[in-house]
Protein chains: 2
Amino acid sequence: MDPHPNRNRAAVLARALASAPTTRTALAEATGLSPATVSRMVDALIGEGLLQETAEVSSGRRGRRATLIEVVADGAVVAGVDLGASSTRIVLADLLGEPLHRRTCPTPTDRGAEGLATWLADEVVAAGRGLTDGLAAVAVGLPGAVRGEDRTVSSAPNLPQVEQPGFLDVLEKRLGPCLDLDNDSNYALLGEQRFGAARSARTAVMLTVGAGLGAGVALEGRLLRGRNGLVGEFGHLPVGPLGTPLEHLVTGSGIMRRAAELGMDIASPAALFAEDADGQLVAMRRHVEHALLVVLTAAVVSYEPDMIVLGGRIGRSLTPHLPELRENLRRIVPSAPPVVPAQLSDLSGALGAAVAALHRVYLGLGLADHDLVGVPSPRALGSAVGDGPVTGSGAES
Amino acid sequence: MDPHPNRNRAAVLARALASAPTTRTALAEATGLSPATVSRMVDALIGEGLLQETAEVSSGRRGRRATLIEVVADGAVVAGVDLGASSTRIVLADLLGEPLHRRTCPTPTDRGAEGLATWLADEVVAAGRGLTDGLAAVAVGLPGAVRGEDRTVSSAPNLPQVEQPGFLDVLEKRLGPCLDLDNDSNYALLGEQRFGAARSARTAVMLTVGAGLGAGVALEGRLLRGRNGLVGEFGHLPVGPLGTPLEHLVTGSGIMRRAAELGMDIASPAALFAEDADGQLVAMRRHVEHALLVVLTAAVVSYEPDMIVLGGRIGRSLTPHLPELRENLRRIVPSAPPVVPAQLSDLSGALGAAVAALHRVYLGLGLADHDLVGVPSPRALGSAVGDGPVTGSGAES
DNA sequence: CTCATCTGCTTTCAGACTGAACGTATTGAA
DNA sequence: TTCAATACGTTCAGTCTGAAAGCAGATGAG
């Protein structure tokens, strides 16, 4: 018996997933295995229906044409869900991570924990209706901290239902055992790393500045999940006057409260970042930006990321001020990485969740943990953001 | 050919290193390999001179007695060096990580880069004189940030010589290729994790508060080294008035400067933490402690460590105030881990460097990266801190 | 004392996997 | 046309592994 059963099989499959259409020779080179072994494994995987030969490639070079090998994309469909405090987004993707279907609906916040879970499960199942084999895995991003061990949720003030144990129970019963839960910021980072701004960054931090201050951290392509889902939550830093948490300084609710205290009347936090902001607003903006600078510095010196991605509503409003922000950051830490806005807008969470769901499937196919780094392969997202089936792909019915 | 050559051999060796005297049966259970394979590997390793059978164990149970297997401790000797701004410490250790010899000497700060390197190499070689095969590996901890890629050193204001390329060149030429360089705080953490306060903590942060503010971070037993050696350097956080770096608030020089500004005359930063401190001193202490609280919070939310170790001169002075500090930390982050003082005093850096040097040797023996977690096995340090050969062990001549 | 029994280790053996080498197919250049 | 170059597939000997059986040493019951 081989002590590492299916090890090479998994390695070949992992490489096939990573670089979508390949040849046997390229796989052999990438995996370091001998051509013989690769050929055998490819044959076996074709036999299992996981791989298929597509066309022959006319490489321009002379010699026998290589046969293109591809993962059978419709071998499985997964769902990624971003359960937000105001709206919920569902993305279906095939085995290669190509989005098939998108759907956005308002979150029924008036329901209780179990009612919300039932609703969500129904929505996911409805989105996946018509698929031959149902959903192979589902991942749900939540606006709160998820403990890795027992998947209990905490710190979800904006959607407290998800903290109750009944929520998870119902969801698990309805969607099956292949259910992944995590912080929405973690998934958002995963999404941006595969489809968005952080495609070139193996080590990256995503900061979601909006109603709350969330963070996702990936080191060398792997999400860093603390035991309590606290990782990157720099909002707790007691840097304000009298030890006020930093979170109170940069989030929407904090800004509104502070404005009220100062006797200012602003419609939304975005007013601070408008071009025609007046003196008092600019002063307040500078306060917010300084607090953000603390967070950015913390992110840099904590993880030395290749990139920092800013998301969330306020994060988006900050886009025009990013060059200045980065300049200030460089003054503090000269080796600071680029700070870029998120590219996937509100979909990064759902897309990242789909990636996480895919990882569950990949693990089920025998891939090792480290094979998941960079799989599915990063790519720009073709079609525009919007609901409905993606043009040209399946998702019939 | 096996594609994973010596994989099982390395696994067996790793387990033998991790749990010092074992039996073949225990190794089989720990590695998950079959008894047959373990026996074969053990025989091979004995043939290579890496393992030896020692005594038979009388387990009390009936049946054949198990033969104890041990790593041949004197198969190699490594040196760990802590090159501090004021004093330099050298530790020799055997293959099992047992300290053989310790030595402390003042650092000749008046020398240039190459002179310092020459002196250091001579000291290390002198310490290792009389060993049969010389030193198998040497690790040197430096008071500065070490880039992983090219091992250039930066941010070493207290010992600027080490930043010059000549320092590394000479050291490498004199001590051979098996030379590991890193931040002294990283090594200090490694030392505390093997021999000191953090023995039970796989994920831990070490903060060295003294002339500077240093940090070492280990995640799941592995040191987290950023590309630029910045990891954990929360001293850069611009949380003071006008964006002053936090480092200026808690380090010795910062405290002295601040005291001078306030017209206070104190002999040393330790005066702040004395029991008979008067009102003004206490107020200043509280400032320092709040800054430290920011650092601790940052450490907790960045990595969710199992433990935070405080070292350095000021860190030691803080010991009586730790319960209070931790209470405040818990108020900010309820799940905060214990904050404990370093146990190894000034030797943690050198001992950790010895561990790092051992890791180099282990890698040379075929161990995989993940085998190094928890190897050599954590243990309390028997003899007291002091110079000279350790009682009962070799280190002759 | 004898013998069953238990535990630890070793040997045997069949099976699986692997890489090196070789064979085959395809193309383009000479 | 011939040949070289490239890509792929296949054969084969070698290596490693675990299951099972066997050997070795120790204990305790009768």
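Protein chains get the first letters and strands the later ones, always in sequence-line order, with residue 1 at the start of each. Quick caveat, the model's predicted, so the values are computed rather than measured.
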- [ ] Output yes when a side-chain donor or acceptor of A:Asp94 lies under 3.5 Å from a complementary backbone atom of A:Glu98, and no otherwise.
- [x] yes
Open item on the list: Has B:Glu56 got a side-chain atom pairing as donor or acceptor with B:Arg65's backbone, closer than 3.5 angstrom?
Closed with: no
When the distance from [atom1] of [X] to [atom2] of [N] is rounded to whole Å, what number comes out?
X: B:Ile69; N: C:dT10; atom1: CD1; atom2: C1'; value: 13 Å
X: B:Glu56; N: D:dA24; atom1: CD; atom2: P; value: 15 Å
X: B:Leu33; N: D:dC16; atom1: CG; atom2: P; value: 14 Å
X: B:Asn6; N: D:dT15; atom1: CG; atom2: C1'; value: 12 Å
X: B:Met41; N: C:dC9; atom1: CE; atom2: C1'; value: 16 Å
X: B:Asp43; N: C:dC9; atom1: CG; atom2: P; value: 11 Å
X: B:Arg65; N: C:dT10; atom1: CZ; atom2: C1'; value: 20 Å
X: B:Arg62; N: C:dT5; atom1: CZ; atom2: P; value: 9 Å

Open item on the list: Are more than 12 heavy atoms, taken from residues, nucleotides or ligands other than B:Gln52, located less than 6.0 Å from that residue's CD atom?
Closed with: yes
If only side-chain N and O atoms of [X] are considered, is one of them under 4.0 Å from the OP1 or OP2 phosphate oxygen of [N]?
X: B:Thr25; N: C:dC9; answer: yes
X: B:Ser34; N: D:dA19; answer: no
X: B:Ser39; N: C:dC9; answer: no
X: B:Asn8; N: D:dT17; answer: yes
X: B:Arg24; N: C:dT10; answer: yes

Open item on the list: Using a heavy-atom cut-off of 4.0 Å across all strands, would you classify B:Ala36 as base, sugar-phosphate, or nothing?
Closed with: base
Open item on the list: So, under a plain 3.5 Å distance rule, would you say the side chain of B:Arg40 forms a donor-acceptor pair with the base of D:dG18?
Closed with: yes
Open item on the list: Is it the case that the base of C:dG8 and the side chain of B:Arg64 share a donor-acceptor contact (distance under 3.5 Å, atom types as modelled)?
Closed with: yes
Task: Side chains of A:Asp180 and A:Tyr187, donor plus acceptor under 3.5 Å - done: yes
Task: Of B:Leu68 and B:Gly63, the one whose closest DNA chain C nucleotide lies more 5' - done: B:Gly63
Task: Passing option when B:Pro378 is tested against B:Gln193, B:Glu192, B:Arg199 for side-chain contact (heavy atoms from CB on, under 4.5 Å) - done: B:Arg199
